[in-house]
Amino acid sequence: MLFRSITTPRVREYFPETLLWAPEVETDAQGHASLDVKLADNITNWRLTATASTPDGRIAHGSADIRAFQPFFVDLNPPPVLTAGDRVDLPVPVRNYLDQPQAVTVELQSNQWSELEGAARRQADVAANGSATVVFPLVAKSAIDAGRLRVVAQGAHGGDAIDKPVRVHPDGQETTQSAGDLVTDRKSVL
């Protein structure tokens, strides 16, 4: 009997708009510098741009592209803010850039602030060099400032997991009340 080990893939959860801004980097006497940079989890092309200047005012400029790619991945772009009681159809695109099709299991993991309508695990057949979209109907049932949505996808030829933030406002309109009165310095005269 052949057993295939399936492990949960590394969760992609770091998605900054700007990967690095470091205006204070100094080079050595030969003009070399190095930086340790935590790469983001975005599947995208990054543009690296560097500008250098010397004490006497000379300037040099260079740029390069950095491609962050994996041949199989899921995408998740939930609304950043919901209101308790909202119902959304959450699309989860599954992208397969491999040369073979995949039958994929896509799971939206449960949390305490939302409720899923229907199955948490869904199947998708994704063509070679193609994509498919799985839709999860979701209800935001309670308010939370820093909620997370996590989707895990697993196929025979790869897996991916992604985690994104969601904020859920309470249902209703926030109101503030204040009361005031006039305070005077009264003295009793006897």
Side-chain angles (χ1 to χ4, degrees), residues 6-83 86 88 90-99 102 104 106-114 124 126 128-136 138 140 143-155 157-169:
I6 296 179
T7 59
T8 302
R10 184 184 73 80
V11 178
R12 296 183 300 114
E13 58 188 346
Y14 177 55
F15 301 100
E17 291 291 323
T18 301
L19 185 58
L20 174 70
W21 172 254
E24 72 288 348
V25 175
E26 292 188 26
T27 64
D28 61 17
Q30 289 76 36
H32 298 131
S34 66
L35 295 171
D36 290 328
V37 178
K38 178 183 177 184
L39 289 179
D41 292 326
N42 305 61
I43 307 284
T44 189
N45 288 327
W46 292 96
R47 182 77 168 165
L48 172 67
T49 302
T51 302
S53 63
T54 62
D56 63 351
R58 292 178 287 151
I59 295 178
H61 178 79
S63 63
D65 288 328
I66 300 172
R67 184 176 186 216
F69 181 76
Q70 60 190 48
F72 173 78
F73 63 95
V74 291
D75 203 357
L76 178 63
N77 289 306
V81 179
L82 294 169
T83 300
D86 280 355
V88 294
L90 187 65
V92 178
V94 182
R95 311 223 190 266
N96 180 25
Y97 292 99
L98 299 168
D99 291 333
Q102 288 201 79
V104 178
V106 182
E107 179 182 359
L108 180 64
Q109 295 189 341
S110 64
N111 57 59
Q112 294 186 348
W113 58 268
S114 71
V126 188
N129 294 303
S131 65
T133 301
V134 177
V135 177
F136 291 96
L138 181 82
I144 190 166
D145 281 333
R148 306 294 297 183
L149 278 176
R150 179 175 292 184
V151 173
V152 177
Q154 187 70 52
H157 306 290
D160 189 29
I162 190 167
D163 189 286
K164 291 279 186 94
V166 176
R167 183 177 186 177
V168 181
H169 289 192

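The chain is numbered in sequence order, starting from 1.
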About how many Å separate [atom2] of [Y] and [atom1] of [X], when rounded to the nearest 0.5 Å?
{"X": "Ser34", "Y": "Asp28", "atom1": "OG", "atom2": "CG", "answer": "9.0 Å"}
{"X": "Asp75", "Y": "Asp160", "atom1": "CG", "atom2": "CG", "answer": "9.0 Å"}
{"X": "Glu13", "Y": "Leu76", "atom1": "CD", "atom2": "CG", "answer": "12.5 Å"}
{"X": "Ile66", "Y": "Leu48", "atom1": "CD1", "atom2": "CG", "answer": "5.0 Å"}

Legend entry - Side-chain donor or acceptor of Gln109 paired with backbone N/O of Val152 under 3.5 Å: no
Inset, instruction - Mark yes when over 12 heavy atoms from residues, nucleotides or ligands other than Glu24 sit less than 6.0 Å from its CD; otherwise mark no. - result: yes
Legend entry - Heavy atoms from other residues, nucleotides or ligands near CG of Asp36 exceed 12 (cutoff 6.0 Å): no
So, are [X] and [Y] salt-bridged, with charged N and O less than 4.0 Å apart?
{"X": "Asp56", "Y": "Arg58", "result": "yes"}
{"X": "Asp163", "Y": "Arg12", "result": "no"}
{"X": "Asp41", "Y": "Arg10", "result": "yes"}

Legend entry - Trace of the side-chain contact (heavy atoms from CB on, under 4.5 Å) decision for Val94 with Phe72: CA-CA 8 Å; Val94 182; Phe72 173 78; 3.6 Å; yes
Inset, instruction - Could you walk me through whether Val92 and Leu108 pass the side-chain contact (heavy atoms from CB on, under 4.5 Å) test, one step at a time? - result: CA-CA 9 Å; Val92 178; Leu108 180 64; 5.9 Å; no
Inset, instruction - Side-chain contact test, heavy atoms from C-beta onward, threshold under 4.5 Å: evaluate it for Val81 versus His169 and give yes or no. - result: yes
Inset, instruction - Apply side-chain contact (heavy atoms from CB on, under 4.5 Å) to Asp145 and Arg167, showing your working. - result: CA-CA 5 Å; Asp145 281 333; Arg167 183 177 186 177; 3.5 Å; yes
Inset, instruction - May I have the step-by-step check of side-chain contact (heavy atoms from CB on, under 4.5 Å) for Ile162 and Phe73, ending in yes or no? - result: CA-CA 9 Å; Ile162 190 167; Phe73 63 95; over 6 Å; no
Legend entry - Side-chain donor-acceptor contact under 3.5 Å, His61 with Thr51: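 Looking only at side-chain atoms, Thr51 and His61 do form a donor-acceptor pair, the distance falling under 3.5 Å.
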